[in-house]
Structure formats: structure tokens, C-alpha cells
Amino acid sequence: MSEETRSDVYAELAAVGPYGVRPGHALITMVEPRPGHEYAYNRWYEDDHYYAGAMAMPWMYAGRRWVATRDLQLLRYPEKSAIAQPVTAGCYLSTYWVTEGRYDDHMKWTVGINKRLNRDGRVYQDRTHVFTAFQDREATVYRDGAAGPRDFHALDHPYAGLVLEVVDSESAEQRAELLEWLRSRHPRNGSRAPRPRW
């Protein structure tokens, strides 16, 4: 069994590299199943893919799935979105934390396991990826300072909802200015949730 699974390598890999609990990266994915495939898609995602395609991977240590009901989808703006066409597309949102400093290692596993899942017929095809991307963590802003859950708890804490806000700079030169504005002056929405910036 050891030769087949290369188990002897695991202890070696665990002994090197970063292994903190800080979220250094996030996978954010927004998906819309094709009409009529909602039930089958959810059974596949919740019963198989959430684990085999995400949580069982090295360095992905927290994840959570969210549903945007129609009334919430209608709150999205701007109408001409760079993320979703139409802006209401994407009723399922999944978010995952990846350990700081482990993005490259995680991506090697992700590419490998997704090739295997596809080969084994364990990828559900009747869906549209509206938005799927890995993001690097830039900063975390807490409304209440030291009180409340930390950013690394955010996907395990029983929050009732999540707001995904995608903000982009108009140019690479303006990125630093935008990040400073997001860290220090962006209006707070009153939520007690930690607000990692991606």
C-alpha cells in the first residue's frame, strides 16, 4: 500500500514550509446549474465535490457554501457587471481558505486531482462557472477591533450570510491607492463579520 499511495512522502512534506492558520489565499467560486439540473448538481457538490474537490486537498483548511435566493440576486449591481452576465447569474457561492504561503503547493494538488476527477467521471458538467478564481489576501478589517471571531474563523463561524464585493482598480498604478482606501476608509456595513480583502 505504501508504494501505491507514496505514504512515506507525507511526513516529509508536513515537516517543511508554512503551516500557520492565517488565510493567505481564497478560492471564490460562483456557479449556476443549468435549468432542470439543480437537484443533481447540489447532490454532486454537497455529497462529493465539496470534499473530494476541495476540503480533502492539502492546505485548504476551511470552506463554506452559500445560496443567493432570487430576491438577493436582484440586489446585485451594476447591471453591466464584469463578473456575471446577466448580473443575477450565479446562485451558488462557495468560499475556501488556503494557508498563507501554500498557494503554489495547493495548486499543484488542485490541477492533479481535477485531472483525476475528470478522468473518473466525477465532475458535474451541467453547470456554468459564472466566476471562479483564486485570490491573494491583502488585509483584514475588523469592525470591532480585537472583539469577535478572527478572519480564519469566518468560514466556520455560523454567520447567517455573506456579501461578496468585487472591487478592481482601473490600472496597476492605482492598485496601492485602492488597497489603502479599502483598508482605512471604505464604509463599514455594520456587520460584525471580519472582512478579508482580496
Side-chain angles (χ1 to χ4, degrees), residues 23-57 60-98 103 106-107 110-111 113-115 117-118 121-141 151 153-170 175 178-179 182 186-191 193-198:
H25 320 276
L27 170 59
I28 302 170
T29 181
M30 193 161 58
V31 174
E32 185 79 41
R34 293 189 185 145
H37 292 266
E38 295 83 0
Y39 179 81
Y41 169 77
N42 279 296
R43 291 285 45 83
W44 166 76
Y45 199 96
E46 293 175 2
D47 299 344
D48 185 28
H49 194 65
Y50 177 80
Y51 302 102
M55 296 309 299
M57 294 191 197
M60 184 170 272
Y61 68 87
R64 186 135 178 219
R65 192 161 184 245
W66 312 85
V67 179
T69 57
R70 187 64 182 164
D71 58 326
L72 293 174
Q73 292 172 13
L74 292 172
L75 297 175
R76 293 177 181 167
Y77 65 91
E79 185 178 337
K80 293 186 177 181
S81 166
I83 301 299
Q85 294 298 326
V87 70
T88 54
C91 60
Y92 296 109
L93 173 68
S94 298
T95 51
Y96 302 92
W97 289 162
V98 177
Y103 174 76
H106 176 77
M107 285 306 296
T110 294
V111 170
I113 199 66
N114 278 296
K115 286 180 182 176
L117 291 169
N118 271 289
R122 288 176 64 181
V123 175
Y124 196 84
Q125 302 298 334
D126 292 312
R127 60 184 170 141
T128 299
H129 275 270
V130 176
F131 176 82
T132 298
F134 282 87
Q135 305 292 326
D136 293 333
R137 178 188 170 277
E138 289 292 339
T140 299
V141 177
D151 55 3
H153 296 130
L155 301 183
D156 297 316
H157 194 77
Y159 292 119
L162 170 78
V163 173
L164 173 64
E165 183 178 11
V166 179
V167 182
D168 202 0
S169 61
E170 292 184 12
R175 187 171 186 270
L178 174 61
L179 286 172
L182 288 169
H186 187 287
R188 306 296 189 259
N189 65 6
S191 169
R195 306 180 65 193
R197 297 291 185 201
W198 306 94

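Atoms considered below: every heavy atom in the structure, side chains included; atoms not considered: hydrogens, waters and symmetry mates. In what follows, residues are counted from 1 in the order of the sequence shown.
When only modelled atom types and interatomic distance are considered, Gln73 and Arg70 share a side-chain donor-acceptor pair under 3.5 Å. With hydrogens and angles left out, the side-chain atoms of Tyr92 and Asn42 include a donor and acceptor closer than 3.5 Å.
The two atoms that bring Trp66 and Thr95 nearest to each other are NE1-OG1, 3.3 Å, heavy atoms only. Taking every heavy atom of both residues into account, Arg76 and Ala89 meet most closely at NH1-O, 2.7 Å. Across all their heavy atoms, Val130 and Ala84 have their closest contact at CG1-CB, 3.5 Å. A pairwise comparison of heavy atoms in Ser169 and Leu178 identifies N-CD2, 3.5 Å as the closest pair. Nearest heavy atom pair, residue Val87 against residue Tyr77, reads CG2-N, 4.2 Å.
Checking side-chain atoms of Arg34 against main-chain N and O of Asp126 turns up no donor-acceptor pair under 3.5 Å.
The shortest distance between side-chain heavy atoms of Ile28 and Phe131 falls below 4.5 Å. With a 4.5 Å cut-off on side-chain heavy atoms, Tyr159 and Arg64 count as touching. Considering only heavy atoms from C-beta on, Tyr61 comes within 4.5 Å of Pro23 through its side chain. Looking at His49 and Leu117, their side chains come closer than 4.5 Å, going by heavy atoms from C-beta outward.
To the nearest 0.5 angstrom, Ile113 atom CD1 is 12.0 Å from Lys115 atom NZ. Annotation: the span from Arg137 atom CZ to Gln135 atom CD amounts to 14.0 Å, rounded to 0.5 Å. In this structure, the separation between CE on Met57 and NE2 on His106 is 5.0 Å, given to the nearest 0.5 Å. Leu72 CG to Leu75 CG: the interatomic distance, rounded to the nearest 0.5 Å, is 6.0 Å. With values rounded to the nearest 0.5 angstrom, Thr88 atom OG1 is found 9.5 Å from Glu79 atom CD. Expressed to the nearest 0.5 Å, how far CG of Leu164 lies from CE of Met30 amounts to 6.5 Å.
Taking the six-membered ring where tryptophan is involved, the planes of Tyr50 and Tyr45 are tilted, since the angle between them lies from 30° to 60°. Note on ring orientation: taking the six-membered ring where Trp is involved, the planes of Tyr103 and Phe134 are perpendicular (angle over 60°, cut-offs 30° and 60°).
Residue Arg122 qualifies as open at atom CZ: its count of foreign heavy atoms under 6.0 Å is 12 or below. Annotation for Gln85: atom CD counts as buried by contact number, over 12 foreign heavy atoms lying within 6.0 Å.
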- Please walk me through it: do His25 and Met107 pass side-chain contact (heavy atoms from CB on, under 4.5 Å)? CA-CA 11 Å; His25 320 276; Met107 285 306 296; over 6 Å; no
- Residue pair Arg127, Trp44: steps toward the side-chain contact (heavy atoms from CB on, under 4.5 Å) verdict: CA-CA 11 Å; Arg127 60 184 170 141; Trp44 166 76; 3.6 Å; yes
- Start with the C-alpha gap between Met60 and Thr110, add the side-chain angles, then the distance that decides, and say whether side-chain contact (heavy atoms from CB on, under 4.5 Å) holds. CA-CA 10 Å; Met60 184 170 272; Thr110 294; 5.8 Å; no
- Message: I'd like to know whether Gln125 forms a side-chain contact (heavy atoms from CB on, under 4.5 Å) with Asn118, so could you lay out the CA-CA distance, the side-chain angles of the two residues, the decisive distance to 0.1 Å, and finally the verdict.
- Response: CA-CA 10 Å; Gln125 302 298 334; Asn118 271 289; 3.8 Å; yes
